[in-house]
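Here the structure comes first, spelled out in structure tokens, and everything after it is commentary.
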Amino acid sequence: SAVISQKPSRDICQRGTSLTIQCQVDSQVTMMFWYRQQPGQSLTLIATANQGSEATYESGFVIDKFPISRPNLTFSTLTVSNMSPEDSSIYLCSVEGTGVVSTDTQYFGPGTRLTVL
Amino acid sequence: EDVEQSLFLSVREGDSSVINCTYTDSSSTYLYWYKQEPGAGLQLLTYIFSNMDMKQDQRLTVLLNKKDKHLSLRIADTQTGDSAIYFCAVVGTTSGTYKYIFGTGTRLKVLA
């Protein structure tokens, strides 16, 4: 399966600021996904990012708050804008289509742990 | 689509662990188990094809009961390194589109 890296691995930010999280894959992938995992919770899909098209956001998530870029088949960014303490979470990117299980199987990056003060 | 797991499981080192998952609907070809160690992302642990009822992979055994919509993960000879959160995941339809639906996660604590 693909090797997925994320930067930064963790950060502590002040409310009202923005943070951009990078996700890099070592092979070309069509579908990339961004998830949020709030403390003690399961994963919630924020959006799906396909190269060459606008990201598709899930209910409850909007582009103004979580703008996403997908400039090529190996890279994507998620920005958390105008942060508040409620945005404190782990943010994970995932990709599908690279492993031996099936083209639908998702593989995850190590996550970015964000704390907003 | 709703995927439920018990929140906590505590076992002694060397015992077997059984983590359960129930789901309401699934059109998934595969059903998955992921492991999340503290401070880390999700690691694909194992999976089962939807037309199987059992899959064994070293210390891991996955059981699937499609009639009852029940998935379980058995870890034999549980070690302290198995302490983590375990998520089941199915591909369900939400608002007409296919999505990964993750369970609530089971925190496994292995006592030495």
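Each chain gets a letter, A, B and so on, in the order its sequence line appears, and its residues count up from 1.
Cluster membership for Leu45(A) and Trp34(A), using ILVMFWY side-chain heavy atoms within less than 4.5 angstrom, is not shared. Grouping the Ile, Leu, Val, Met, Phe, Trp and Tyr side chains by contacts below 4.5 angstrom, directly or via other members, places Phe75(A) apart from Phe66(A). Both Ile90(A) and Phe33(A) belong to a common hydrophobic cluster when Ile, Leu, Val, Met, Phe, Trp and Tyr are linked at side-chain heavy-atom distances under 4.5 angstrom. Linking Ile, Leu, Val, Met, Phe, Trp and Tyr residues whenever their side-chain heavy atoms come within less than 4.5 Å places Tyr100(B) and Met32(A) in a single cluster. If you chain together hydrophobic residues whose side chains sit under 4.5 Å apart, Tyr23(B) and Leu73(B) fall into the same group.
The environment of CD in Gln43(B) is crowded: more than 12 heavy-atom neighbours from other residues, nucleotides or ligands sit within 6.0 Å.
Under a 3.5 Å cut-off, the side chain of Tyr107(A) and the backbone N or O of Leu44(B) do not form any donor-acceptor pair.
Proximity to chain A is limited to the side chain of Tyr34(B), based on heavy atoms less than 4.5 angstrom apart. Heavy-atom distances place the side chain of Tyr35(A), and not its backbone, under 4.5 Å from chain B. Only the side chain of Gln36(B) comes within contact range of chain A, judged by heavy atoms closer than 4.5 Å.
Defined by atom type and a distance below 3.5 Å, a donor-acceptor pair is present between the side-chain atoms of Tyr32(B) and Thr105(A).
Of all heavy-atom pairs between Leu92(A) and Leu42(B), the closest is CD2-N, 4.3 Å. A pairwise comparison of heavy atoms in Phe87(B) and Gln37(A) identifies CZ-NE2, 3.5 Å as the closest pair.
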Between side-chain atoms of residues 101-112 of chain B and protein atoms elsewhere (two or more places apart, or another chain), which donor-acceptor pairs fall under 3.5 Å?
unit_1, atom_1, unit_2, atom_2, d
Thr104(B), OG1, Gln5(B), N, 3.1
Thr104(B), OG1, Gln5(B), O, 3.2
Thr106(B), OG1, Gln5(B), NE2, 3.1
Thr106(B), OG1, Ser6(B), O, 2.6

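Contact annotation for residues 57-65 of chain B against chain A (heavy-atom separation below 4.5 Å): no residues qualify.
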